Undergrad: 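Quick one: the structure is below, questions incoming.
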Amino acid sequence: QVRLEESGGGAVEAGGSLRLSCAASGFILGSICVGWFRQAPGKEREGVAVVYNRATSTDYVRSVKGRFTISQDIASNMLYLQMSSLKPEDTGMYYCAIGTVDYNCRTALPKYSQYRGQGTQVTVSS
């Protein structure tokens, strides 16, 4: 049974940082597209950051480039998202997910993930 469990969300002021963690069980990370997507109130889900191509490539949505970093710990089967210089527009529920294919990994992840966690809330105040 595949399970993804996110943690690390919270409420911070603009400019602050958070580190999201995703613990995976029943699935070995690193073999296919994995990453984070988010959903803000009243908005569509958005792929934020992914690792793909057997964990050799990353992709970020333009709005977080230079501020967010995705990483993987293969040994512990963990996925992380380091978020810095947070902005109010980063507010939303963040989900860890496993994709189905590497092609268009980040944009496909929100709609076509095989598995996803329950999510962790990130709230950034101005």
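As the structure is a prediction and not an experimental result, all values here were calculated from the model.
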Undergrad: Mind checking salt bridge (charged side-chain N to carboxylate O under 4.0 Å, His left out) for Arg19 and listing every partner two or more places apart, or none if nothing turns up?
TA: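 Once residues adjacent in sequence are excluded, Arg19 has no partner under the salt bridge (charged side-chain N to carboxylate O under 4.0 Å, His left out) criterion.
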Undergrad: How would you list, by chain and number, every residue that makes a side chain to side chain contact (heavy atoms under 4.5 Å, CB included) with Ala11, sequence neighbours excluded?
TA: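 Once residues adjacent in sequence are excluded, the partners of Ala11 under the side chain to side chain contact (heavy atoms under 4.5 Å, CB included) criterion are Thr123.
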Undergrad: What residue pairs, at least two apart or across chains, pass ring pair (Phe, Tyr, Trp, His ring centres under 6.0 Å) with a residue in residues 85-123?
TA: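 Checked against ring pair (Phe, Tyr, Trp, His ring centres under 6.0 Å) - neighbours excluded - the pairs reaching residues 85-123 are Phe37-Tyr95.
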Undergrad: Enumerate the ring pair (Phe, Tyr, Trp, His ring centres under 6.0 Å) contacts for residues 52-73, please, sequence neighbours excluded, ordered by first and then second residue.
TA: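 The answer is none; no pair qualifies.
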Undergrad: Does Ser85 have any side chain to side chain contact (heavy atoms under 4.5 Å, CB included) partners at least two apart in sequence or in another chain, and if so, which?
TA: Arg67
Undergrad: Where is the tightest heavy-atom contact between Ala14 and Ser126, given as atom of each residue plus distance?
TA: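 For Ala14 versus Ser126, the nearest heavy atoms are CB-CA, 4.3 Å.
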Undergrad: For a side chain to side chain contact (heavy atoms under 4.5 Å, CB included) with Trp36, tell me which candidate from Ile70, Val50, Leu109 qualifies.
TA: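 Exactly one option meets the side chain to side chain contact (heavy atoms under 4.5 Å, CB included) with Trp36, and it is Ile70.
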Undergrad: Tell me whether Asn77 contacts the main-chain N or O of Leu29 through its side chain, where contact means a donor paired with an acceptor under 3.5 Å.
TA: yes
Undergrad: Sub-3.5 Å donor-acceptor pair from the side chain of Gln39 to the main-chain atoms of Gly92, do we have one?
TA: no
Undergrad: With disulfide bond (SG atoms under 2.5 Å apart) as the rule and sequence neighbours excluded, what pairs involving residues 82-126 come up?
TA: Cys22-Cys96, Cys33-Cys105
Undergrad: Can you tell me which residue pairs pass the salt bridge (charged side-chain N to carboxylate O under 4.0 Å, His left out) test with a partner in residues 40-55, sequence neighbours excluded?
TA: Arg38-Glu46
Undergrad: Run the salt bridge (charged side-chain N to carboxylate O under 4.0 Å, His left out) test against Arg116 and tell me which residues pass, sequence neighbours left out.
TA: none
Undergrad: Main chain of Val124, side chain of Thr91: is a donor-acceptor contact present, judged purely on distance under 3.5 Å?
TA: yes
Undergrad: Is there side-chain contact between Gln72 and Val34, with at least one heavy-atom pair below 4.5 Å?
TA: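 Side-chain contact under 4.5 Å: yes.
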Undergrad: Between CD1 of Ile98 and CG of Leu4, what distance do you get to the nearest 0.5 Å?
TA: 4.5 Å
Undergrad: Met93 and Val61: same hydrophobic cluster, using ILVMFWY side-chain contacts below 4.5 Å?
TA: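 Not linked; separate clusters.
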Undergrad: Rounded to the nearest 0.5 Å, how far apart are OG1 of Thr100 and NZ of Lys111?
TA: 13.0 Å
Undergrad: Can you sort out the partners of Asp59 under salt bridge (charged side-chain N to carboxylate O under 4.0 Å, His left out), two or more places apart, ordered by chain and number?
TA: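 Counting only residues at least two positions away or on another chain, Asp59 forms a salt bridge (charged side-chain N to carboxylate O under 4.0 Å, His left out) with Arg106.
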Undergrad: Tell me, please, which residues at least two apart from Glu5 pass side chain to side chain contact (heavy atoms under 4.5 Å, CB included).
TA: Arg3
Undergrad: My understanding is that a hydrophobic cluster links ILVMFWY residues whose side chain heavy atoms are under 4.5 Å apart, including indirect links. Using that, what else belongs to the cluster containing Tyr80?
TA: Met78
Undergrad: Report the C-alpha separation of Val122 and Leu20 in whole Å, then their side-chain angles, then the decisive distance to 0.1 Å, and conclude whether the side-chain contact (heavy atoms from CB on, under 4.5 Å) test is met.
TA: CA-CA 9 Å; Val122 172; Leu20 305 184; 4.1 Å; yes
Undergrad: Only counting residues at least two apart or in another chain, list the ones meeting salt bridge (charged side-chain N to carboxylate O under 4.0 Å, His left out) with Glu89.
TA: none
Undergrad: Taking a hydrophobic cluster as the set of Ile, Leu, Val, Met, Phe, Trp and Tyr residues connected by side-chain heavy atoms closer than 4.5 Å, whether directly or through intermediates, do Leu81 and Ile32 fall within one such cluster?
TA: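 Per the 4.5 Å side-chain linkage, Leu81 and Ile32 are co-clustered.
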